[in-house]
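Chain identifiers are assigned alphabetically (A, B, ...) following the order of the sequence lines, protein sequences preceding nucleic acid strands; residue numbering begins at 1 within each chain.
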Amino acid sequence: CRTNRPHAALRLLNNMPSQGCEFNAVAYCTVISGFYEQDYRAEAYELFVNMLSQGFCPNITTFNKLIHTLAKKGDVRESEKLFNKVYKRGVSPNLFTFNIFIQGLCKKGLLSEAVRLLDGVKREGLTPDVVTYNTLICGLCKKSEVDKAECYLHTMVNDGLEPDGFTYNTIIDGYCKQGKIQNADNLLKDATYKGFVPDEFTYCSLINGLWQEGDIDRAMDVFAEALGKGLKPS
RNA sequence: GCGACUUUAGCCA
């Protein structure tokens, strides 16, 4: 599958029993992911159904890997279809599962659904963590909803979570891409005050943002500042 | 018993 040849992988999979190897859900899901990755959606789905009918059901970790492949492609609807099937067989979602779904929904532009899923996490008796919020914040930023994203920064703090570098860098980048360098700067000041140390992600976003705005002088200043902190250009 | 699975910039393939 890693070399983009899912059909070859499938032949191997089918040969496993004759080689005396254990034929299991992990192997199945690996091949299924490969098919989805190459957009053989029908084959992938058929193989999934096949796996279940043979009595192999992935555990949640194995399942998460599979839907992560789909989330990256923005195919949440397919993930839901698969999820409903394993859910019926007693597989319960964990926080990773929700985080992956939130990512998939955002990628597809289904932002309000992603926000609603945050409540879904709580309904399932789970507690959203920093990654949950970061995922949502990132999704909002990518769809230019940076102000909303910053609202969730406050929400997470109210929930007793501490924003990390992912959180700050994501929102700073969101503002930079919108040309709202002032907002990015304000947030950076605030974050620095709270102990955040800007890294290469932060500087890269700022420099790109300033450059896009035609503010070459400040871009150079920020670049010099990054060098001064021992960060290496790449 | 322990582990597996989720989130941020740009560049390149």
Side-chain angles (χ1 to χ4, degrees), chain A residues 2-4 24-30 32-33 36 57-74 76 79 82-83 86 91-107 111 114-115 117-118 120-121 124 126-146 149-150 152-153 155-156 161-179 181 184 187-188 191 196-212 219 222-223 225-227 229 231-234:
Chain A
R2 294 247 168 93
T3 55
N4 299 339
N24 59 25
V26 177
Y28 253 117
C29 285
T30 306
I32 294 167
S33 291
Y36 276 126
C57 185
N59 66 14
I60 193 59
T61 300
T62 307
F63 183 73
N64 285 342
K65 282 186 194 172
L66 177 55
I67 59 169
H68 186 216
T69 304
L70 288 167
K72 283 183 290 188
K73 298 187 76 83
V76 241
S79 309
L82 303 186
F83 176 74
V86 297
V91 176
S92 307
N94 61 15
L95 193 53
F96 285 54
T97 317
F98 279 100
N99 293 345
I100 294 165
F101 266 107
I102 289 172
Q103 189 191 4
L105 287 167
C106 288
K107 184 142 286 178
L111 301 181
V115 167
L117 203 51
L118 197 59
V121 173
E124 195 65 24
L126 299 168
T127 309
D129 67 1
V130 185
V131 177
T132 312
Y133 279 101
N134 285 348
T135 305
L136 182 61
I137 285 170
C138 175
L140 291 166
C141 286
K142 292 262 166 64
K143 301 292 174 191
S144 303
E145 299 271 14
V146 191
E150 196 168 352
Y152 281 99
L153 168 72
T155 309
M156 74 189 277
L161 295 168
E162 186 158 6
D164 62 8
F166 282 80
T167 323
Y168 292 123
N169 284 338
T170 304
I171 303 175
I172 288 170
D173 183 66
Y175 278 133
C176 288
K177 289 215 163 76
Q178 291 195 323
I181 312 293
L187 178 58
L188 177 58
F196 170 66
V197 180
D199 61 9
E200 48 266 86
F201 285 80
T202 325
Y203 288 116
C204 185
S205 297
L206 286 172
I207 292 167
N208 276 322
L210 289 164
W211 186 271
Q212 289 302 320
V222 174
F223 183 65
E225 182 186 330
L227 288 181
K229 296 209 172 160
L231 295 174
K232 297 194 178 84
S234 52

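When distances run from any side-chain atom of A/Val131 to the nucleotides B/U8, B/U6, B/C5, the shortest one goes to B/U6. The side chain of A/Asp173 approaches B/A9 more closely than any other nucleotide in the set B/A4, B/A9, B/U6. Comparing B/C5, B/U6, B/U8 against the side chain of A/Thr170 picks out B/U8 as the nearest. Proximity note for A/Ile100 (side chain, C-beta onward) versus B/U7, B/G10, B/C5: the nearest is B/C5. Checking B/A4, B/U8, B/U6 against every side-chain atom of A/Thr62, the shortest atom distance belongs to B/A4. Side chain of A/Thr61, nearest nucleotide from B/A9, B/U7, B/A4: B/A4. The nucleotide whose nearest atom lies closest to any side-chain atom of A/Phe96 is, among B/U6, B/U8, B/A9, B/U6. Each of B/U7, B/U8, B/C5 was ranked by its minimum atom distance to the side chain of A/Phe201; first place goes to B/U8.
A donor-acceptor pair under 3.5 Å is absent between the side-chain atoms of A/Asp173 and the main chain of A/Asn169, judged by distance alone.
Rounded to an integer number of Å, the gap from CD1 of A/Ile171 to C1' of B/U8 is 10 Å. In this structure, the CD1 atom of A/Ile137 is 15 Å from the P atom of B/U7, given to the nearest Å. Computed from coordinates, the A/Leu126 CG to B/U6 P distance equals 17 Å when rounded to whole Å. Rounding to whole angstrom units, CG of residue A/Leu140 and P of B/U8 are separated by 14 Å. Atom NZ in A/Lys177 sits roughly 9 Å away from atom C1' in B/U8 (whole-Å rounding). Computed from coordinates, the A/Phe98 CZ to B/U7 P distance equals 17 Å when rounded to whole Å. If you take CD1 of A/Ile67 and P of B/C5, they are 14 Å apart, rounded to a whole angstrom. At whole-Å resolution of the value, CG in A/Leu187 and C1' in B/U8 are 13 Å apart.
If you check every strand for non-hydrogen atoms under 4.0 Å, A/Asp129 touches nothing. Nucleic acid contact class of A/Lys72 (heavy atoms, under 4.0 Å, all strands): none. In this structure, A/Gly165 reaches the bases: a heavy-atom distance under 4.0 Å links it to at least one base atom across the strands shown.
Just one residue in the list A/Asn64, A/Thr132, A/Asn134 forms a side-chain hydrogen bond (donor to acceptor under 3.5 Å, both in side chains) with A/Asn99, and that residue is A/Thr132.
Not one side-chain nitrogen or oxygen of A/Lys232 sits closer than 4.0 Å to the OP1 or OP2 atom of B/C11.
Between A/Phe83 and A/Phe63 the shortest side-chain heavy-atom distance falls below 4.5 Å. For the pair A/Leu66 and A/Pro58, the minimum side-chain heavy-atom distance is 4.5 Å or more.
Between the CD atom in A/Glu200 and the CD1 atom in A/Ile207 there is a gap of 11.0 Å [rounded to 0.5 Å].
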